[in-house]
Every structure is written in structure tokens, then in C-alpha cells.
Amino acid sequence: MKTIYSIQGKRVTKKALVERFGAERVKKMTQEAKEGFMEDPYTEQSYFIGKDGVLTIEFA
């Protein structure tokens, strides 16, 4: 399963997220998004990340 990260609709790499927010936080958000996706694949998995806006995690 491929993971796609985007902030305010613009794609970002996992490496950039780890540099900005830390590995543990990115890992935790990705795991929570994966669990939510498995429960209901039609629900958007997004997180408010402060002044940067909204992080959306998609799976393909």
C-alpha cells in the first residue's frame, strides 16, 4: 500500500515531514490514518498541524 502525504493539497515527502515534525509524530499519525482507513476507506484521514494547515494522508 502506497502512502501519499499532502499539506494544504500540495504533496510532500515523508522525509520532509520527518524533518519538520519528528519521526515519532509522523509514525503515529501514519499508523492512526492506516487504522482509520481500514475501518472506513471513504473517510478522509487528516490532521491539523498548526500554522502549516492540514496534513492529509491517503493510501493507494
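- Between A60 and I4, the shortest heavy-atom distance links the atoms CB-CD1, 4.2 Å.
- For T56, there are no side-chain hydrogen bond (donor to acceptor under 3.5 Å, both in side chains) partners two or more places apart in sequence or in a different chain.
- In this structure the side chain of T3 never reaches within 4.5 angstrom of the side chain of K14, judged on heavy atoms.
- Closest of all the heavy-atom pairs between E32 and Q45 is O-OE1, 4.3 Å.
- Among pairs with a residue in residues 35-60, those fulfilling ring-ring contact (aromatic ring centres under 6.0 Å, His included) read F37-F59, at least two apart in sequence or across chains.
- Taking each heavy atom of S6 and G9 in turn, the nearest pair found is CB-C, 4.2 Å.
- V54 approaches S46 most closely through the heavy-atom pair CG1-CB, 3.6 Å.
- Going from atom CD of E35 over to atom CG of D40 covers 14.0 Å, rounded to the nearest 0.5 Å.
- Within the structure, the ring-ring contact (aromatic ring centres under 6.0 Å, His included) test picks out no pair touching residues 1-35 (sequence neighbours left out).
- For the side chain to side chain contact (heavy atoms under 4.5 Å, CB included) test, residues two or more places apart in sequence or in another chain that qualify with K15 are T13, E19.
- Side-chain contact check for R20 versus I49: every heavy-atom pair is 4.5 Å or farther apart.
- Crowding of R11 atom CZ: a count of heavy atoms from other residues, nucleotides or ligands under 6.0 Å not exceeding 12.
- Separating the CD1 atom in I57 from the NZ atom in K34 is a distance of 11.0 Å, to the nearest 0.5 Å.
- With values rounded to the nearest 0.5 angstrom, E58 atom CD is found 11.0 Å from K2 atom NZ.
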